[in-house]
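Here is the structure we will look at, set down as structure tokens.
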Amino acid sequence: MADNEEHDAIDDLLLEQRKFAPTDSFKKQTLIAGTHLYDEANQDYEAFWARQADELVSWDTKWNRICEWELPYSKWFVGGRLNVSYNCLDRHVLAGKGDKVAFYFEGEPGDTRTITYSDLLGEVQKFSNVLKSLGVVKGDRVNIYLPMIPEAAVAMLACARIGAAHSVVFGGFSAQALADRINDAEAKVLITADGGWRRGDVFPLKQQADEAVATTPTIEHVVVVRRGNNAVTMKPGRDHWYHDLMVAADPVCVAEPMDSEQLLFLLYTSGTTGKPKGIMHTTGGYLTHVSYTHKYVFDLHPEKDIFWCTADVGWITGHSYIVYGPLANGATQVMYEGVPNFPANDRMWQIIEKYKVTIFYTAPTAIRTYMKWGTEAPGKHDLSSLRLLGSVGEPINPEAWMWYREHIGSNKCPIVDTWWQTETGGIMISPLPGATTLKPGSATFALPGIGAEVVDDAGVTVLKGGGYLTLTHPWPGMLRGIWGDAERYQETYWSRFAGRYFAGDGAKLDDEGYLWLLGRVDDVMNVSGHRISTTEVESALVSHPSVAEAAVVGANDSTTGQAIIAYVTLVTGKEVDEQVLRNHVATEIGAIAKPKTIYFTPDLPKTRSGKIMRRLLRDVAEGRNLGDTTTLADANVVLELQKRIADAPSED
Ligand code: WTA
């Protein structure tokens with residue numbers, strides 16, 4: 001059964017023939033036009049990374065070993081000492097670049113702020129002292145639950161400055177999801193806001209935070225940024241306004257050098273079981289990896305580029321390519337708070353025109369949404385400042401790639417399709433825009449310094465055709481484990497194929513060695529570029545008193561990549577409305593995990609041993625003919641479901 005499921009996920013019938021070589025004009029100004037980085041890294045990947053660490057990062061004490069690799073744990077730049085916030089801020093200011101803009105912040109309602117590197121350093125030093133005054137010391141965990149506002153970056157960098165690990169929870173997550181993550185990390189302080197802006201309205205954060213903190217005994221203080229101006233209740237002694245603490249804070253906080261392997265942050269991500277995993281990232285290796293990839297994948301010229309990554313800081317993309325990579329490289333960025341269709345469908349293009357953005361990094365789900373909205377919105381704006389486009393989060397289908405190239409990139413910008421994961425810390429597979437001939441829909445090749453191979457079920461390397469994506473040797477930004485669960489770390493990533501990191505993604509190699517990502521092969525769905533575990537949504541559904549059993553699958557969806565489809569069996573004699581259940585999931589996990597459709601069924605298709613056959617449910621949801629049903633305990637269950645779905649009113 002499992003085999004069938006996996007083969008389903010790695011079949012790919014697409015044959016894409018178009019190719020785009022770097023243009024002469026792009027090659028003229030690019031950092032890397034030839035293959036020398038690949039050649040260097042192939043000679044000795046450790047030495048290659050050491051050179052990057054030397055060139056891109058400032059160290060207080062140099063390391064004495066590049067990499068210690070004891071499967072499945074790696075340590076990088078062992079013995080080295082550095083401070084990440086010093087690297088992202090102080091050194092630029094000391095080099096005379098204090099007046100350079102770090103962020104052009106664009107609030108959703110239209111308010112703006114221009115923040116220079118000096119401004120940011122000032123804020124971060126003060127907030128570091130605020131954290132200290134609240135009792136935060138090196139090694140503590142601090143939770144951050146904020147909208148997309150500059151204070152999110154300030155809070156993260158302040159943690160890094162004093163050696164506390166941050167754990168950022170996306171502002172769209174529910175109180176329950178926040179509480180689970182705080183409790184797992186045993187965080188001491190929570191930083192949140194009254195509310196944030198979304199589609200013209202204020203969404204409350206403090207209220208959710210209050211609900212969470214009611215069940216998180218480790219939280220001693222809550223710091224609240226004023227953003228939404230919505231009414232909040234402040235609990236005396238526990239809750240403090242950010243602006244009150246900041247006026248009283250000492251402006252100087254010297255960056256303390258940290259061990260290269262000091263925990264920098266935890267970031268929770270979905271796995272195949274219900275409990276989210278606290279992915280651990282440390283200091284020296286991570287910073288090296290994100291600054292290297294940010295520089296070469298985006299061909300960064302910090303003196304002239306305006307970089308805009310549209311991710312939320314609550315995801316790894318925001319950590320690595322809004323906060324740490326770009327700031328370490330001294331880049332100037334745009335940070336936008338809100339949605340792409342407020343006040344109108346052209347907001348993104350209007351922002352690109354306004355700030356003359358040169359590098360734009362977004363997700364396929366967003367691109368497909370813009371495609372749906374039509375070419376009129378981008379056509380209204382001058383997008384000629386753009387010179388490079390990027391994509392991340394899920395496979396980008398060739399048609400979306402071509403649309404992006406034509407309508408956003410005026411047929412002249414290279415597109416870097418970047419494959420990576422929360423666990424990898426930074427980009428792993430991607431073109432180098434001045435060196436790689438592109439094929440629409442292919443992430444092309446592993447970056448210099450990275451080892452990636454496709455293997456078959458038996459773990460044998462595949463040179464052409466489909467299989468599982470694995471990583472063959474350690475890299476500096478790799479996760480250092482799962483917080484509090486060493487066994488799960490070993491089991492999830494290192495047990496499927498001996499000596500290799502298993503990413504959970506299917507991939508194929510074409511006859512020219514290009515890599516094509518084919519999506520997840522495990523029970524993790526990818527909805528609008530966000531990883532959501534089927535188990536988590538099932539658990540949320542079953543936690544409703546009327547629900548007896550639930551099975552959740554990700555079905556192909558032309559906009560969101562996958563859509564969450566749930567099959568629910570109710571407790572005998574109980575009834576519940578579909579909308580009520582969808583909202584229940586939103587309360588338990590967050591609105592992003594709401595099933596698109598819920599089908600009620602008296603029974604679920606199961607094998608004789610009682611395992612739910614998700615493959616069949618996916619076939620049913622996608623309207624496919626059913627394959628092998630011989631292992632089903634009761635084939636009528638699926639026939640009945642198919643009938644119901646065919647009869648159901650269409651949503652569109
Ligand atoms: C998927 C996001 C195809 C993949 C950075 C991976 C991609 C998961 C790509 C990680 C891409 C990410 N092409 N698939 N360019 N980028 N993915 O942890 O399934 O949120 O395993 O990290 O997203 O999602 P995560």
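Order of appearance sets the numbers: ligands from 1, and atoms from 1 within every ligand.
- The pair Lys275-Asp485 does not count as a salt bridge, with every side-chain nitrogen at least 4.0 angstrom from each carboxylate oxygen.
- Any N or O atom pair closer than 3.5 Å counts here, and Asp417 shares at least one such pair with ligand 1.
- The Thr317 neighbourhood of ligand 1 comprises atoms 5 (C), with distances under 4.0 Å to a heavy atom of that residue.
- Using modelled atom types, one finds a donor on one side chain and an acceptor on the other under 3.5 Å when comparing Tyr489 with Trp494.
- Shortest contact from atom 21 (O) of ligand 1 to any protein heavy atom: Arg520 NH1, 2.7 Å.
- A salt bridge links Asp557 to Lys596: one of the charged nitrogens lies within less than 4.0 Å of a carboxylate oxygen.
- Where the criterion is an N or O separation shorter than 3.5 Å, residue side chain and backbone included, Ser391 fails it with respect to ligand 1.
- One option in Ile427, Asp522, Thr422 has a heavy atom closer to atom 20 (O) of ligand 1 than any other, and that option is Thr422.
- If you check the side chains of Thr282 and Glu261, you find a donor sitting under 3.5 Å from an acceptor.
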Between Asp457 and Tyr468, is a side-chain hydrogen bond (donor to acceptor under 3.5 Å, both in side chains) present by the stated rule, with each step listed? CA-CA 8 Å; Asp457 275 309; Tyr468 305 96; 2.9 Å; yes
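- Residue, atom and distance of the protein heavy atom nearest to atom 6 (C) of ligand 1 are Asp505 OD2, 3.3 Å.
- Classification of Glu394 and Arg531 as a salt-bridged pair fails, no side-chain N sitting under 4.0 Å from a carboxylate O.
- In terms of polar-atom proximity, defined here as any N/O pair under 3.5 Å, Gly393 does make such a contact with ligand 1.
- Counted by atom type alone, Tyr321 and Thr293 present one or more donor-acceptor pairs between their side chains at under 3.5 Å.
- Residues Thr310 and Trp308 bring no donor and acceptor atom of their side chains to less than 3.5 Å of each other.
- For the ligand labelled ligand 1, residue Trp420 lies inside the 4.0 Å heavy-atom shell.
- At a heavy-atom cutoff of 4.0 Å, ligand 1 is contacted by the side chain of Asn526 but not by its backbone.
- Summary of contacts: the protein heavy atom closest to atom 11 (C) of ligand 1 is Glu394 O, 3.5 Å.
- Less than 4.0 angstrom separates some heavy atom of Ile316 from each of these atoms of ligand 1: 2 (C), 5 (C), 22 (O).
- Heavy atoms of Arg531 found under 4.0 angstrom from ligand 1 belong exclusively to the side chain.
- Counting only N and O atoms by type, the side chains of Thr418 and Tyr361 include a donor and acceptor under 3.5 Å apart.
- At under 3.5 Å, a nitrogen or oxygen of Thr418, whether backbone or side chain, sits near a nitrogen or oxygen of ligand 1.
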